[in-house]
> 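Sending over a structure as structure tokens; questions will come in a sec.
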2 protein chains.
Amino acid sequence: MDKLRAIKLFVKLANLGSFTKVAEQTNTSKSLISKEIGRLEDDLGARLLHRSTRNLQLTHVGEGYLQRAIEILEKLDDADNFVSDLQHNVRGKLKINAPMALGITDLSVLFADFMLENPDIELDIHLGDESVDLVEQGFDLGLRASSRAIDSNYVGKPLTRFTYKVCASPEYLARHKAINLPKDLSEHNCFVYSYFQGKDVWPIEDGVAVKGNLKVNSTLFMMDAIKKGLGLGFIPDFVCQKMIDSGEVVEVLAEANKPRLTLYALYPARHFVPTKLVKCIRYLEDWFDTNKPV
Amino acid sequence: MDKLRAIKLFVKLANLGSFTKVAEQTNTSKSLISKEIGRLEDDLGARLLHRSTRNLQLTHVGEGYLQRAIEILEKLDDADNFVSDLQHNVRGKLKINAPMALGITDLSVLFADFMLENPDIELDIHLGDESVDLVEQGFDLGLRASSRAIDSNYVGKPLTRFTYKVCASPEYLARHKAINLPKDLSEHNCFVYSYFQGKDVWPIEDGVAVKGNLKVNSTLFMMDAIKKGLGLGFIPDFVCQKMIDSGEVVEVLAEANKPRLTLYALYPARHFVPTKLVKCIRYLEDWFDTNKPV
DNA sequence: ATATACTGTTCTCAAATTGGAGGCAAACTG
DNA sequence: CAGTTTGCCTCCAATTTGAGAACAGTATAT
């Protein structure tokens, strides 16, 4: 028995004061209403209203139950609306995880733009390179750079493709041995990004073991050290491209085989993606389409 | 779809953290739980929890919905308990309607006894001969004297049978014409009970038109006038019997055909009679069984 | 009075929904 | 790398369901 519907019908019946009218208003039959109210009364073990063919009268019990029933239905509506709001409204929090490695550069601009366009969406951005489980940590969205396919529990929308470049300042190159082959790097001061998975091995060609006197978890910090001519860095192109273009730093080993990664927008579950999240993801896609014609 | 059960299962699921455990605890199957939760999610249009084979995690939405769901279930329990209390507790008010005609005599004793035995029941007794609709006026119980069957909307428990007697004082009879046949009454001073349905016709044999100089809505008052030898009265036997036995008044036309009435305890609906009402009705039956061996 | 219209309930029966069993792929465990 | 456990899915029998008609009763109109 669908108690909820019975309660709804009971409230309606109490308002309209007629089984027939309730049936008409709900496009059902009199018999249904009669049965359903009867079932509810059976379930409660009490009579809710006295019926004479021409008159309906709430019982003492019915009186009290009606009041409570109304409250219950209100609370239910409330709960439904809560869900619906969270689902369809472009409002509320959006908890996002992005790797520090690329968070500081373009993403800051990107999300600033997004927030301008969607003032009702509250962003809660966690930058960090630890591999976190989105669901476990309650993230709505995660950005991941990956060369391989995506974990099947998540949907991964590819946003852009990027690669890494080995950068150094012109001064550094002038003052040190020439770098013609990947293995030449082992004799240079190669900065290491703290959370880089391969740690002391740069994924150039088959991988090159490197060492250096700076380890830091910020590519921008690293870029500054490179610009000062202190050493070499293995830097994502979206971080270093502008400086290469301006001549501040120079790319070496441009021809060497380096991984081409894809930046994914990762989000859990495939059904019922909240619209605010959909909006955000779409924004990400658009932004990378227009601002990053790699 | 039984949304309520789905909600209950969802709450249980959120607590136990496992579809399988919920199935075990509810003696149902995994598939049911899965289906039901799925249905709820469909209905809400949102995912309530992320499931990976080894881990359940409430969604943002699910988190909020859970909270509300718990409140809803509490309110529902509350409503059920309210009904149950009102239904089963031997406490609370009992609104009773009884005809004035017989209310003043035995009923006062009867209900006094009843209240002694049931101190938790509050009686609200309305004496009156106007024919009131029990349900409309919110009465739980009505006492009715009737010769015919009972209105089908009510259940009528017969309590006792009684009849009427034509009474006069010995003095009155000595000072007036003899009364041998019903029609002789028309030449006597016959008191009329105000609310008596037949008004000026006493239902003796085929009915006898009478007239008199007293009209009152209390048989006790009338009895006093009779005892003083002022006239004749058509009096229920439970009012006059004792005085007849003691010789204070005398019955005339004892052989004439007078209506035999039944006193009914009338109450609405045959299902789900509140226990306090059941108790009261049973008390009435017992009382009349033992105290009134007519 | 008699007829009429309208009430809520009951009955029947076809149709929809249901829930359990078993199999499934996935994924955490050791 | 098995092995176990998880949630999900498909299929089918069984139950439940609800519309419609017939019903019993009553108020209103004639």
Side-chain angles (χ1 to χ4, degrees), chain A residues 1-6 8-10 12-14 16-43 47-59 62 133 135-136 149-154 268-271, chain B residues 1-6 8-10 12-14 16-43 47-59 62 131 133-136 148-156 268-272:
Chain A
M1 160 211 167
D2 189 346
K3 190 166 180 175
L4 218 51
R5 185 181 54 167
K8 281 181 193 162
L9 290 177
F10 167 60
K12 212 164 239 162
L13 177 59
L16 296 179
S18 151
F19 280 68
T20 309
K21 278 184 195 154
V22 175
E24 283 170 5
Q25 193 174 312
T26 55
N27 287 320
T28 55
S29 59
K30 290 185 299 171
S31 72
L32 170 61
I33 313 297
S34 176
K35 270 188 190 172
E36 202 70 351
I37 298 294
R39 274 175 223 158
L40 181 58
E41 289 181 328
D42 278 354
D43 179 76
R47 191 143 263 239
L48 290 174
L49 22 79
H50 295 299
R51 323 121 156 89
S52 67
T53 36
R54 221 58 178 190
N55 202 356
L56 284 190
Q57 191 85 18
L58 278 174
T59 307
D133 186 290
V135 167
E136 256 180 36
I150 294 296
D151 180 337
S152 71
N153 272 125
Y154 300 97
R270 55 200 101 244
H271 297 314
Chain B
M1 160 212 165
D2 190 344
K3 189 166 181 175
L4 213 53
R5 187 183 52 168
K8 281 180 192 163
L9 290 177
F10 168 60
K12 214 164 238 162
L13 177 59
L16 295 180
S18 152
F19 281 67
T20 310
K21 278 184 194 153
V22 174
E24 283 170 5
Q25 191 174 312
T26 54
N27 287 319
T28 55
S29 60
K30 292 185 297 172
S31 73
L32 171 61
I33 312 297
S34 175
K35 272 185 191 172
E36 202 70 351
I37 297 295
R39 274 175 221 156
L40 181 58
E41 289 181 327
D42 278 354
D43 179 76
R47 192 144 262 241
L48 290 174
L49 20 80
H50 294 299
R51 324 116 153 91
S52 69
T53 37
R54 219 60 175 192
N55 199 357
L56 283 189
Q57 192 81 20
L58 278 174
T59 306
S131 85
D133 184 279
L134 291 186
V135 167
E136 261 178 29
R148 50 180 178 72
I150 294 297
D151 181 328
S152 71
N153 275 122
Y154 299 100
V155 179
R270 67 197 94 249
H271 296 311
F272 310 125

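Please read all numbers here as calculations on a predicted model, not as lab measurements.
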> Do B/Leu32 and B/Phe19 come within less than 4.5 Å of each other through their side chains, counting heavy atoms only?
no
> Roughly how many Å is it from CG in A/Asp2 to P in C/dG19, rounded to a whole number?
11 Å
> What are the two closest non-hydrogen atoms of A/Leu48 and A/Glu41, and how far apart are they?
N-OE2, 2.8 Å
> Could you tell me the separation between the CE atom of A/Met1 and the P atom of C/dT18, rounded to a whole number of Å?
15 Å
> Between D/dC8 atom P and B/Asn55 atom CG, what is the distance in whole Å?
13 Å
> Start at the 5' end of DNA chain D and walk down; is the nucleotide closest to A/Leu32 or to B/Leu32 reached first?
B/Leu32
> Tell me: CG of B/Leu56 to C1' of C/dC28, nearest whole Å?
14 Å
> Taking the side chain of B/Lys30 as heavy atoms from C-beta outward, which of D/dG7, D/dA19, C/dG20 is closest to it?
D/dG7
> Which atom names give the shortest non-hydrogen contact between A/Leu40 and A/Met1, and what distance separates them?
CA-CE, 3.9 Å
> Give a yes/no on whether any side-chain N or O of B/Arg5 is located under 4.0 angstrom from OP1 or OP2 of C/dT18.
no
> Taking the minimum atom-to-atom distance to the side chain of A/Ser29, which one of C/dG20, D/dC8, D/dG18 wins?
D/dG18
> Check every strand shown and say whether A/Thr20 touches a base, only sugar-phosphate, or nothing at a heavy-atom separation below 4.0 Å.
sugar-phosphate
> Rounding to a whole Å, what distance do you find between B/Phe19:CZ and C/dG19:P?
15 Å
> Could you tell me how far apart B/Lys21 (NZ) and D/dT6 (P) are, to the nearest whole angstrom?
8 Å
> Decide yes or no on side chain to side chain contact (heavy atoms under 4.5 Å, CB included) for B/Leu49 and B/Leu13, but give the supporting numbers first.
CA-CA 10 Å; B/Leu49 20 80; B/Leu13 177 59; 3.9 Å; yes
> Counting only side-chain heavy atoms from C-beta out, which of D/dA19, C/dG8, D/dG18 sits nearest to A/Ser31?
D/dA19
> Counting only distance, no hydrogens or angles, is the base of D/dG7 paired donor-acceptor with the side chain of B/Lys35 under 3.5 Å?
no
> Between A/Glu36 (CD) and D/dA19 (P), how many Å, whole number?
10 Å
> Rounded off to whole Å, could you give me the CD-to-C1' distance for the B/Glu24 and D/dT6 pair?
12 Å
> Side chain of A/Arg51, heavy atoms from C-beta onward: which of C/dT9, D/dG7, C/dG8 has the nearest atom to it?
C/dT9
> Between A/Arg39 and A/Glu36, does at least one N-O distance fall below 4.0 Å, as a salt bridge requires?
yes
